[in-house]
Amino acid sequence: MRKILVTGGAGYIGSHTVRALLDRGCDVAVADNLSKGYRENVPAGRLHELDINDGAALSELMRQAQFDAVVHFAGYIAVGESMREPGRYFENNVGGSLSLLSAMSEAGIRRIVFSSTAAVYGNPAATPIEEDFPIQPLSPYGESKVIVERMLRWFDEIHGIASVSLRYFNASGADPEGRLGELHDPETHLIPLVLRAAITGEPITIFGNDYDTPDGTCIRDYIHVNDLAQAHILALEYLMAGGATEQFNVGTGAGYSVMDIIRAVEQVTGKKVPYVIGPRRPGDPAALVAASEKLRQTLRWKPEYRDPVTIVEHAWNFARRRGHGR
Ligand code: UDP
């Protein structure tokens, strides 16, 4: 049985991946400081409440168990916040990853799957985005992920730690059985906010409808969180089989506009979504859609949920169960 350490396993994508790993029969330990994650997202007895910046605590955990690999989610995720407080992003995302990699090399753990982001591409020259497009992040958040990807190459070269960086597009949806879902505080992501507008009747602001897209609103590649979790499982299997350091986009290859999402929410909830048109949000590219052939071909990944209505349905089941925010 594989022993896997998951950092940030109490968060949104981390907690779905922990379930997928357990379903696969892995033995999973979660390291999370609960600054953003939720204790109830982690199955009993698996949570180690620690900060990955605490190298001594990490080393101690790695001494107690012989981990075969690490899946590294722990990090801050808000682009807008990173534009106001860049230092926090470099400290937590870069510093935390460095602390983790140092502890891994000391403990002899030689495989890691890393949460990267489509934000490494900034405003891409073309769509769909391929992995070898220029790396030109537009925010400290994106830059922090680029720096870690670069560190990973050197930790491979020098310490033999093989890594897979998964560049996520728009993670969305929820566990179809409704046990887990998306809960950020504050919530900034489109689907939970549109659901909240449908429930409360308070209008959501659409950030611009004058983009060069068919309906004028931004287009994104919404990837179901369970399909994202599966990409981590496949990446781990690839590394366990001796696969070399790689970077992959994780997106479906299909783009939907903000208005498409609003219509999907109206269809699923049977409620009218009130909205107002606001100014563009700084740093938002018109369209971000993944080329996903590399992941499909190399890791044999195949998304199960491609329809935004299904994604919204799962998010709605969770939102109804939990209330629409904290
Ligand atoms: N968006 C919006 N209103 C909101 C939140 C998001 O119009 O209140 C738009 C945003 O401009 C982007 C899309 O929805 O085009 C997805 O945004 P989100 O923050 O969910 O993810 P991002 O693409 O920034 O990673």
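The structure displayed is predicted, hence computed values, not measured ones. Just so you know, ligand 1 is whichever comes first in the structure, and atom 1 is the first atom listed for that ligand.
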(message) Around atom CD of Glu60, are there more than 12 heavy atoms from other residues, nucleotides or ligands closer than 6.0 Å?
(response)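 Atom CD in Glu60 is packed in, count exceeds 12.
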
Side-chain donor-acceptor contacts of residues 118-135 below 3.5 Å, not counting sequence neighbours, with atom names and distances?
| unit_1 | atom_1 | unit_2 | atom_2 | d |
| --- | --- | --- | --- | --- |
| Tyr121 | OH | Arg167 | NH1 | 2.9 |
| Tyr121 | OH | Asn249 | OD1 | 2.6 |
| Glu131 | OE2 | Asn249 | N | 2.8 |

(message) By the definition side chain to side chain donor-acceptor pair (under 3.5 Å), identify the one residue from Asn33, Asn92, Thr7 that meets it with Asp51.
(response) Asn33

(message) Just to verify, what does Ser97 make a side chain to side chain donor-acceptor pair (under 3.5 Å) with, not counting sequence neighbours?
(response) His72

(message) With a 3.5 Å distance limit and no angle check, can you tell me whether His159 reaches the backbone of Ile161 through a side-chain donor-acceptor pair?
(response) no

(request) Would you check ligand 1 and list the protein residues that come within less than 4.0 Å of it by any heavy atom, ordered by chain and number? (result)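 Ligand 1 pocket, heavy atoms under 4.0 Å: Asn170, Thr188, His189, Leu190, Leu193, Ile204, Thr205, Ile206, Phe207, Cys218, Arg220, Tyr222, Val258, Arg281, Asp284.
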
(message) Can you list everything that forms a side-chain contact (heavy atoms from CB on, under 4.5 Å) with Glu81? Sequence neighbours excluded, please.
(response)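 With neighbours one apart ignored, the set is Ala78, Arg84, Glu85, Arg88, Tyr89.
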
